[in-house]
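Each chain gets a letter, A, B and so on, in the order its sequence line appears, and its residues count up from 1.
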Protein chains: 2
Amino acid sequence: MFSKACEYGIRSVLFIAEQSQLDKRPNIVEIAKAVDSPEPFTAKICQQLARSGIILSRKGPNGGFYLEKDSKLTLAEIVACIDGDSIFKGCSLGLPQCSAAHPCPVHDQFNDVREGLKKMCENTTVTQLSEKLRKGETFLKI
Amino acid sequence: MFSKACEYGIRSVLFIAEQSQLDKRPNIVEIAKAVDSPEPFTAKICQQLARSGIILSRKGPNGGFYLEKDSKLTLAEIVACIDGDSIFKGCSLGLPQCSAAHPCPVHDQFNDVREGLKKMCENTTVTQLSEKLRKGETFLKI
DNA sequence: TTTATTTCTGATAATTTTATCAGAAATAAG
DNA sequence: CTTATTTCTGATAAAATTATCAGAAATAAA
């Protein structure tokens, strides 16, 4: 459903969010270890997210990645930053011109699924998810 | 959401279904033209589908691809044949062990979406979709 | 001001997916 | 039986994604 980059990206942001709540600023080594992802690739992804302002970063000693204190970040924003919004918008059969007026054969069927996915991603906040993580109710690796 | 191969595969099968209803047996050249896909790549995909018994094929003059007369083929079977069932089953964050007992942070949220997608694909038949296509209510290219 | 630490940047490599090609195997039709 | 047509098979090429690496830029701390 998502690219590997996006999977690593979401996992990384959730870990960063959890650590931010504890006033920590994990670096790439810690992040990659925590979410069990390849370190240099994860670095690329975090840099992309930081460049887009999705997460914040600080260079130098004791630096790392972190989130704004009252971040309202949603899953949808992370996905759109890494994979683009074709998963929310694009035609399931890859037709360049697919719309209600000129629908592909599965347009109606997939519209519901897609709309459900979109709404869910827009309504799910990172804070909300990292809270469960902190409580040990959910897991980021293995 | 789906791979290019799967998109081409679904489009091809829908065209084959439509033509089968008219007692025709389109060959690869006709299929690729009708669904606007690269011919050799489409051939590979149709061969894979034929090998799996999803569609039928006949070699030689006047040969091509076709469907059983009373085929109950669903979208789910095509997708599973080409992309596998990870879209229906796998963890959205790519964790190898993700379950209700050991859930990833988005397990519950995505379970609903995934379940909706699965049900829809299992309940949508190719015949049903090709019927609309035949009536000109839906389109396979551009 | 120097040093250690860390993100950031650009180049490169490996793998997977997408796409192409040539020729063998099968088969219907003449 | 021969020929033309078509699927089928295996090899190969191109592009995209995934992954790695080396060094520059920034910055906190000594």
Side-chain angles (χ1 to χ4, degrees), chain A residues 1-13 15-16 19-20 24-33 35-67 79 81-84 86-87 90 93-94, chain B residues 1-13 15-16 19-20 23-33 35-67 79 81-84 86-87 93-94:
Chain A
M1 177 164 276
F2 298 133
S3 70
K4 231 80 184 88
C6 194
E7 291 178 359
Y8 296 151
I10 297 173
R11 275 149 66 181
S12 297
V13 171
F15 176 67
I16 293 167
Q19 295 297 300
S20 270
K24 288 183 183 171
R25 208 166 25 226
N27 65 28
I28 275 299
V29 178
E30 295 167 316
I31 295 170
K33 201 163 287 173
V35 309
D36 196 24
S37 62
E39 200 182 297
F41 192 36
T42 308
K44 281 258 146 159
I45 298 160
C46 286
Q47 281 147 24
Q48 183 185 349
L49 290 166
R51 228 178 302 125
S52 307
I54 303 267
I55 60 179
L56 302 173
S57 68
R58 195 148 97 191
K59 292 182 181 178
N62 202 30
F65 296 91
Y66 60 106
L67 253 67
V79 172
C81 177
I82 301 175
D83 279 354
S86 72
I87 185 118
L93 299 188
Chain B
M1 179 163 273
F2 299 133
S3 70
K4 231 79 186 89
C6 194
E7 291 178 0
Y8 296 151
I10 295 173
R11 276 150 64 181
S12 297
V13 170
F15 176 68
I16 294 167
Q19 296 297 302
S20 270
D23 278 316
K24 289 184 182 170
R25 209 166 24 228
N27 64 28
I28 275 298
V29 178
E30 297 167 315
I31 295 170
K33 201 162 289 174
V35 309
D36 195 24
S37 61
E39 199 181 298
F41 192 37
T42 308
K44 281 257 144 155
I45 298 161
C46 286
Q47 281 146 24
Q48 182 185 349
L49 290 166
R51 229 178 302 124
S52 308
I54 303 266
I55 60 179
L56 302 173
S57 68
R58 196 149 96 192
K59 291 182 182 179
N62 203 30
F65 296 91
Y66 60 106
L67 254 69
V79 172
C81 176
I82 300 174
D83 278 354
S86 73
I87 184 115
L93 298 188

Footprint ends on DNA chain C, 5' to 3', for atoms under 4.0 angstrom from a heavy atom of chain B, come out as dT18(C) to dA28(C)
Would F2(B) and I10(B) count as a side chain to side chain contact (heavy atoms under 4.5 Å, CB included) here? Give the steps.
CA-CA 10 Å; F2(B) 299 133; I10(B) 295 173; 4.2 Å; yes
Among residues 54-61 of chain A, which ones have heavy-atom contacts with DNA chain C below 4.0 Å?
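The answer is S57(A), R58(A), K59(A), G60(A), P61(A).
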Within the 3.5 Å criterion, strictly below it, is a donor on S37(A) or T42(A) matched to an acceptor on the partner's side chain?
yes
Pairing partner (Watson-Crick or G-U wobble, both distances under 3.5 angstrom) of dG23(C):
dC8(D)
If you take all heavy atoms of G63(B) and N27(B), which pair is closest and at what distance?
O-CB, 4.2 Å
Could you tell me which non-hydrogen atom of E39(B) sits nearest to which non-hydrogen atom of I28(B), and how far apart they are?
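Of all heavy-atom pairs spanning E39(B) and I28(B), the closest is CG-CG2, 3.5 Å.
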Pairing residues for K59(A) by the salt bridge (Lys or Arg N to Asp or Glu O under 4.0 Å) criterion, not counting sequence neighbours:
none
Apply salt bridge (Lys or Arg N to Asp or Glu O under 4.0 Å) to K33(B) and list each qualifying residue two or more places apart in sequence or on a separate chain.
none
Donor-acceptor pair, side chain of Q19(A) and main chain of I16(A), under 3.5 angstrom
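A pair under 3.5 Å: no.
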Determine, stepwise, if the pair Q47(A) / R51(A) fulfils side chain to side chain contact (heavy atoms under 4.5 Å, CB included).
CA-CA 6 Å; Q47(A) 281 147 24; R51(A) 228 178 302 125; 4.2 Å; yes
Between atom CG in D83(A) and atom P in dT17(D), what is the gap in whole Å?
9 Å
Side-chain contact test, heavy atoms from C-beta onward, threshold under 4.5 Å: evaluate it for I45(B) versus S12(B) and give yes or no.
no
Assign each of F2(B) and R51(A) to its nearest nucleotide of DNA chain C by heavy atoms, then name whichever residue's nucleotide is nearer the 5' end.
R51(A)
When you match N62(A) and S3(A) each to their closest nucleotide on DNA chain D, which lands nearer the 5' end?
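So the residue in question is S3(A).
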Partners of Y66(A) by ring-ring contact (aromatic ring centres under 6.0 Å, His included), sequence neighbours excluded?
none
Within residues 39-48 of chain B, which residues have any heavy atom lying less than 4.0 Å from an atom of DNA chain D?
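Those residues are K44(B), Q47(B).
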